[in-house]
There are 2 protein chains.
Amino acid sequence: MQNNQSESSLSPPMVHVVDDDEAVLDAVGMLLDSIGQLNTCYKDAQVFLNAYNEPDFDKHNGCIVLDMRMPVISGIECQHRLEELGCSMPIIFVTGHGDIPTAVEAMKQGAVEFIQKPYREQQLIDAIQKALQINLKTQKQTKKVQQTHSKLALLTKRETQILEAVVSGKANKVIAIELHLSQRTVEIHRAHVMDKMEVKSLAELVKIVVDASPAE
Amino acid sequence: MQNNQSESSLSPPMVHVVDDDEAVLDAVGMLLDSIGQLNTCYKDAQVFLNAYNEPDFDKHNGCIVLDMRMPVISGIECQHRLEELGCSMPIIFVTGHGDIPTAVEAMKQGAVEFIQKPYREQQLIDAIQKALQINLKTQKQTKKVQQTHSKLALLTKRETQILEAVVSGKANKVIAIELHLSQRTVEIHRAHVMDKMEVKSLAELVKIVVDASPAE
DNA sequence: ACAGCAATAAGCATTTATACGTAAATTTAG
DNA sequence: CTAAATTTACGTATAAATGCTTATTGCTGT
């Protein structure tokens, strides 16, 4: 297994715009073009989801602007499908005839904005900017966690055991007794752990391991 | 100064109801009484905030039902104040004449529900139940974080400085040079930090400090 | 003004903990 | 069977924790 992380944070983010009203779609597309923002437009949710499932589709770098009221697959439905597909891009909803329960539902599902038509262009641009900022932050965090997991995968069983004990704050002496080992053996495993995890201090080790743990 | 954290996770949760309409307030109070749910009613946000700032007020065990439209201090304003006061109780908004932007704003600020009047009683009960569940889940974490902050507040400037350096992984020797101190002085401050933070190992220290840091 | 206290700083000595280098034996998995 | 993993001994060096002591500063209450 290798490090297959591409440097997505370096490539420009894509804004995916989904709206069944072609006039709106074109307008938003041109608006984004005018500010030099990379974008792709989709005439309905199904077309977007199909594109999303293409192997070369970047599922994590950018954000999504979703119209609420669309035929066949609604914005909310699309949000749910994306959730299931593990999409990490923030969603901005745009709607003409929204009601409060729908807006609340969308926000509870994690939407970053819910904008009503008609809106000022700047309003949408601000929301997109904010969404992209959130996305950038998520990406960095996710990347770090994945890198830590790659390193953790390189540890042997014993090393993992020692790592857990060390991170939980036990002294080498204690670990040695608990695992029926000599102190020297613990020291060597510990040194290997520090090497493989690419850290120079216990503090760093604890931080990256805790960060990459279940609760987050 | 002592450990003044009570074992709130063991005591029954309190539902705080804030509504300027006395009829509504009484009705909700009785509804909650009828299902055996501990509750306190407040006739406006100021009364609630005053109670909140009483020293014996449990700031973390329960949830809050907030009316949106109230004189002097609105629901949203109250939410903001509570946020600033470090309140970790989930908020359920109830409103008669809400609009989408307000609802979206409330949800963005972390509200768990936004219910429109008139609502079915069961709807409110479900929301409260869900809020209390969320509260239970986050309580232990929040409690730990606040306890850490209490301990951090007991540190002197120097000790805080040393803490930061230690947590960032620097050796005493390095810290001594950077702060123009002798190693012995660093060792003493460090020992005081360990005492005051009530930890026995560097690993524990790093964990509680990182846990209680801005990014969370 | 003076005594008392907390914070800060530091020296000296001791013990414990951690980090490595060298060497070698055993076990395990491909 | 070979390579990687695991284990350990002996020894040295650096780092950290701790006890005891001293001293300066700045604030506080009488």
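Here is the naming used below: chain letters follow the sequence lines, and residue numbers restart at 1 for every chain. If you're wondering where the values come from, they're calculated on a predicted model, not measured in any experiment.
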Query raised in the report: Under 3.5 Å, side chain of Lys196(A) to main-chain N/O of Leu154(A), donor-acceptor pair present?
Result: yes
Report task. Just grab all the side chain to side chain donor-acceptor pair (under 3.5 Å) pairs involving residues 88-97 of chain B, residues at least two apart or on different chains. Result -> His60(B)-Ser88(B)
Query raised in the report: Whole-Å distance between dA16(D) P and Leu205(B) CG?
Result: 14 Å
Query - Phosphate OP1/OP2 of dA10(C): any Thr185(B) side-chain N/O under 4.0 Å - result: yes
Report task. May I ask you to evaluate whether His189(A) reaches the phosphate of dT7(D), defined as a side-chain N or O under 4.0 Å from OP1 or OP2? Result -> yes
Report summary line: When rounded to whole Å, the CD1 to P distance for the pair Ile177(B) and dA10(C) reads 13 Å
Query raised in the report: Could you write nucleotides 18-30 of chain C as a row of B, S and -, 5' to 3', where a protein heavy atom under 4.0 Å of any base atom gives B, of only sugar-phosphate atoms gives S, and otherwise -?
Result: BBBBB--------
**Report entry** Distance test, side-chain N/O of Thr156(B) to OP1/OP2 of dT8(C), below 4.0 Å
**Finding:** yes
Query raised in the report: Can you name the salt bridge (Lys or Arg N to Asp or Glu O under 4.0 Å) partners of Arg81(A), sequence neighbours left out?
Result: Glu77(A)
Report task. Starting at atom CD of Glu159(B), determine the distance to atom P of dA9(C), rounded to an integer number of angstrom. Result -> 10 Å
Report task. Figure out the CG/P separation between Leu179(A) and dT8(D), and round it to whole Å. Result -> 10 Å
Query raised in the report: Quick one: Arg158(A) CZ to dT8(D) C1', roughly how many Å, whole number?
Result: 13 Å
**Report entry** Check ion pair Glu204(A)-Lys207(A) (N to O, under 4.0 angstrom)
**Finding:** no
**Report entry** Partners meeting side-chain contact (heavy atoms from CB on, under 4.5 Å) with Val15(B) (sequence neighbours left out)
**Finding:** Val17(B), Leu32(B), Gln37(B), Asn39(B), Cys63(B), Val65(B), Ile128(B), Leu132(B)
Query raised in the report: Considering residues, nucleotides and ligands other than Lys200(B), do more than 12 of their heavy atoms fall under 6.0 Å from its NZ?
Result: no
**Report entry** Thr148(B) and Asp211(B): side chain donor to acceptor below 3.5 Å
**Finding:** no
Query raised in the report: By side-chain hydrogen bond (donor to acceptor under 3.5 Å, both in side chains), which residues pair with Gln46(B), not counting sequence neighbours?
Result: Asn50(B)
Query - Consecutive-pair stems (3 or more, Watson-Crick or G-U, under 3.5 Å) for DNA chain D - result: C:1-30 with D:1-30
Query raised in the report: Any idea how Phe48(A) and Tyr42(A) line up, ring-wise: parallel (<30°), tilted (30 to 60°), or perpendicular (>60°)?
Result: perpendicular
Query raised in the report: Which residue lies toward the 5' end of DNA chain D, His180(A) or Lys196(A), if each is placed at its nearest nucleotide?
Result: Lys196(A)
**Report entry** Ile162(A) CD1 - dT8(D) P separation (whole Å)
**Finding:** 10 Å
